[in-house]
Participant: 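If you scroll down you'll find the structure; I have some questions about it.
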Amino acid sequence: MDKGKANATFDLVGERWLPVERVDGSPDCLGLRQLLLEARDIRRLSAETPTVTAALYRLVLAFAHRAYGPADSRAWVELWDGKFAQEPLDSYLSQHPGRFDLFDPERPFLQCPALATGKPTGAAKLVPSRAVGNNATLFDHTTARDRVALEPAEAARWLMTVHAYDPGGLKTPYKKVKSSERAPANLFGMVLVEGASLHETLLLNMPIYKPEYEQPEPTSPEDRPLWEMNEPPNPEPDERSPLGWTDLLTWPSRRVLLLPYDDGAGVVVDRVVITPGTRLRGDLVDIELLAAFRRPPRKARQKKKREDFRAVRLDGRRGIWRHTEAFLLAGDEDTRRRPRALGHIAHLVDSGTIPEETVYTIRVFGQQLGSKGAVVESWAEEAVSAPVALLRARHAPVGPIIGHAVDLADQAGGALRDMDRDFCTAMQAEPGVGIDLPYWAQLPQPFDEFLRKLAEVRRNGQPETDAIQDWARAVRKAATAVADRWAYGSPRKGRNLSEAGKQFGRFTGMLHHLTEVFVAKAMNYVEEEVSS
């Protein structure tokens, strides 16, 4: 047994391990209990990477559900108008003593103690930004020979992240099984509705939770998070459907055991055992509440059954705002399904609990894996405005207008790429890469303004004309700026100059046509609403 292991303890309820940004902007680090009791004074969770932050939100949501419910709409509103009170939290914790100790010898938190007989590896295996063996990385220059020692707080955060975001591929087996699937959160962009404080954010993403009445669907009466299970996980991997929402939020996609070590200066985690865990059985669209889904459009002459829903994921180049229609708007559930929290919020607006002029933020977290799903390539966190006035716009023209606005952006970006491709073809040169990257970077802010204007005119009963015209101008301005730099940013002579001018002229003509078509299509919906 490692020196110091028998006496190591780290209680996640009281120890400071959850990094936060307070409402006044100052950083802090809190335990689970203090986090909830002070949630009104906290702005957001803010960890090392977007994936760590997302994993911590999933854990905290499960914890809050089990302590507070809320069991019905009345209880939800009482929490919204008040705070996370101490009494129900302490009552819940008293029912599960010792279950939140990271190093408990019998029930270490979210771990499998039977792995003590397994083959350990360095603690860097927990952190995808650290190089381990053959796993070269862009983020770090350590090697397998370097000893990585994690403070208990850091090890706890990465433990949550491994369960949610660990890549797939071969793992060290407990006995024979080496293969593991990607952890579930890799399969979608995790959508969080963010309010003015952590208190608001948690409640906005907490639907009515009453397992005995199977709420939220498909939660069963047996639902519980991993730390409440009667026995620690079996070291052998398995496969099953989730018992419900909190079970899914704490899904044990890996079997993990942290091995603490006391070097005299304090306890650190320098080794870990990670083996394949529980494979998730079930269609994400039916069980995951913090994701948006779209069904690919039916192809011409397609007679077979429509394709399955696909989760909306982050696109590192073009931005998450392009999927606003899927995130924000209610619509035909045969083609798209927004995160369930958005429907809950829409009802709260209808009831007057949330004012219609409120604007929240949709924050989306995601991770990109390599082509084989075994290596982390990148992670990202993006945000887009969420005016609640748009959440109720089921039958309004807002959906088609937003859809056409995104189409315009896509088409203008395509025109930029065509300009460069056709030029390179004519000059018999290698095609360029990424000409449209600076174009996409300019669009999130004007798109936010576009959404806010749409919400404002809906509240005031006015037509969407100005918002449509402003978006067309923003796209034209961004695309033209990139094209100007392409045409005039470097010296050109002779045929190079002539061909560049020719392609630039074609581009400007196409851009003008695209914006005119967009305005005409969008205005059709405005006129239809006015006439009706």
Side-chain angles (χ1 to χ4, degrees), residues 12 17-21 29 44-63 109-110 123-132 135-140 142 148 150-151 153-169 171 180-194 198 201-202 205 226 248-254 256 258 269 272 274 277 280 284 288-292 311-317 319-320 339 361-383:
L12 300 178
W17 68 285
L18 292 164
V20 301
E21 175 190 329
C29 212
R44 60 168 64 94
L45 288 166
S46 182
E48 295 94 319
T49 73
T51 48
V52 179
T53 300
L56 295 182
Y57 269 116
R58 293 180 76 84
L59 173 79
V60 172
L61 284 169
F63 182 68
F109 186 74
L110 298 195
K125 196 71 172 178
L126 281 171
V127 187
S129 58
R130 301 285 178 88
V132 182
N135 182 26
T137 170
L138 297 174
F139 305 101
D140 187 68
T142 58
V148 173
L150 305 177
E151 298 291 334
E154 186 181 6
R157 295 193 292 271
W158 283 108
L159 170 66
M160 313 304 152
T161 311
V162 162
H163 282 303
Y165 284 100
D166 197 44
K171 310 291 179 185
S180 63
E181 293 183 344
R182 294 169 290 179
N186 286 299
L187 304 176
F188 57 90
M190 195 191 93
V191 181
L192 198 76
V193 183
E194 187 177 75
L198 181 65
T201 298
L202 293 178
N205 296 278
L226 187 58
L248 184 61
L249 286 171
T250 59
W251 191 255
S253 67
R254 300 293 180 263
V256 186
L258 305 177
V269 174
V272 62
I274 304 177
L280 180 64
L284 274 178
E288 177 56 53
L289 278 62
L290 300 180
V312 175
R313 304 176 65 181
L314 285 174
D315 181 335
R317 185 177 69 175
I320 202 64
T361 296
I362 285 183
R363 199 167 290 278
V364 186
F365 305 84
Q367 178 166 274
Q368 181 69 44
L369 302 180
S371 59
K372 297 182 180 180
V375 177
V376 175
E377 288 191 343
S378 64
W379 47 59
E381 174 184 341
E382 296 185 20

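Just so you know, residue 1 is the first one in the sequence shown, and it goes up from there.
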Participant: Report the residues that fulfil side-chain contact (heavy atoms from CB on, under 4.5 Å) with E48, sequence neighbours left out, ordered by chain and then residue number.
Facilitator: V52, E154, R157, W158
Participant: Do you know which two heavy atoms are closest between Y165 and A55, and how far apart they sit?
Facilitator: CE1-N, 4.3 Å
Participant: Does the distance from a Lys or Arg side-chain N to an Asp or Glu carboxylate O, for R58 and E288, drop under 4.0 Å?
Facilitator: yes
Participant: Side chain to side chain contact (heavy atoms under 4.5 Å, CB included) between T201 and R44: does it pass, once the steps are laid out?
Facilitator: CA-CA 8 Å; T201 298; R44 60 168 64 94; over 6 Å; no
Participant: Checking N205 side chain against L192 main chain: does a donor-acceptor pair fall under 3.5 Å?
Facilitator: no
Participant: Heavy-atom distance under 4.5 Å between the side chains of L289 and L248, does that happen here?
Facilitator: no
Participant: Work out which heavy atom in A164 is nearest to a heavy atom in S253; give both atom names and the distance.
Facilitator: N-OG, 4.5 Å
Participant: Check P167 against V376 and note the closest heavy-atom contact, atom names and distance.
Facilitator: CG-CG2, 3.6 Å
Participant: Sequence neighbours left out, what passes side-chain contact (heavy atoms from CB on, under 4.5 Å) with S46? Give chain and number order.
Facilitator: none
Participant: To the nearest 0.5 angstrom, please state how far the CG atom of N186 sits from the CH2 atom of W379.
Facilitator: 11.5 Å
Participant: Of all heavy-atom pairs between C29 and P19, which one has the smallest distance, and what is that distance?
Facilitator: SG-N, 3.9 Å
Participant: Quick one: does any side-chain atom of Y57 pair with a main-chain N or O of L45 as donor and acceptor, under 3.5 Å?
Facilitator: yes
Participant: What I'd like to find out is whether the side chain of L12 reaches to under 4.5 Å of the side chain of F109, using heavy atoms alone.
Facilitator: yes
Participant: Are the side chains of L187 and L284 in contact, using a 4.5 Å heavy-atom criterion?
Facilitator: yes
Participant: So do P339 and L290 actually touch side chain to side chain, heavy atoms under 4.5 Å?
Facilitator: no
Participant: Less than 4.5 Å apart, side chain to side chain, heavy atoms only: is that true for V127 and T161?
Facilitator: no
Participant: When you compare the side chain of V364 with that of L314, does any pair of heavy atoms fall below 4.5 Å?
Facilitator: yes
Participant: Do you know which of R182, K171, Q367 makes side-chain hydrogen bond (donor to acceptor under 3.5 Å, both in side chains) with D166?
Facilitator: K171
Participant: Taking side-chain contact (heavy atoms from CB on, under 4.5 Å) as the test, write out the residues that go with E181, two or more places apart.
Facilitator: R279
Participant: Output, in order, the C-alpha distance, side-chain angles, deciding distance and verdict of side chain to side chain contact (heavy atoms under 4.5 Å, CB included) for L249 and L59.
Facilitator: CA-CA 6 Å; L249 286 171; L59 173 79; over 6 Å; no
Participant: Could you check if a side-chain atom of L110 sits within less than 4.5 angstrom of a side-chain atom of V256, using non-hydrogen atoms only?
Facilitator: no
Participant: Donor-acceptor pair, distance only, cut-off 3.5 Å: does the side chain of E382 make one with the backbone of I320?
Facilitator: yes
Participant: Check whether T361 reaches the backbone of A383 with its side chain - one donor and one acceptor, N or O, closer than 3.5 Å.
Facilitator: no
Participant: Just how far is it from atom CD of E381 to atom CZ of R363, taken to the nearest 0.5 Å?
Facilitator: 5.0 Å
Participant: Rounded to the nearest 0.5 Å, what separates atom CG in L258 from atom CG in L126?
Facilitator: 6.0 Å
Participant: Would you check, one step at a time, whether the test side chain to side chain contact (heavy atoms under 4.5 Å, CB included) holds for T51 with F365?
Facilitator: CA-CA 7 Å; T51 48; F365 305 84; over 6 Å; no
Participant: What verdict does the side chain to side chain contact (heavy atoms under 4.5 Å, CB included) test give for W17 and L56, after you've listed the backbone C-alpha separation in whole Å, the side-chain angles of each residue and the deciding distance to 0.1 Å?
Facilitator: CA-CA 10 Å; W17 68 285; L56 295 182; 3.7 Å; yes
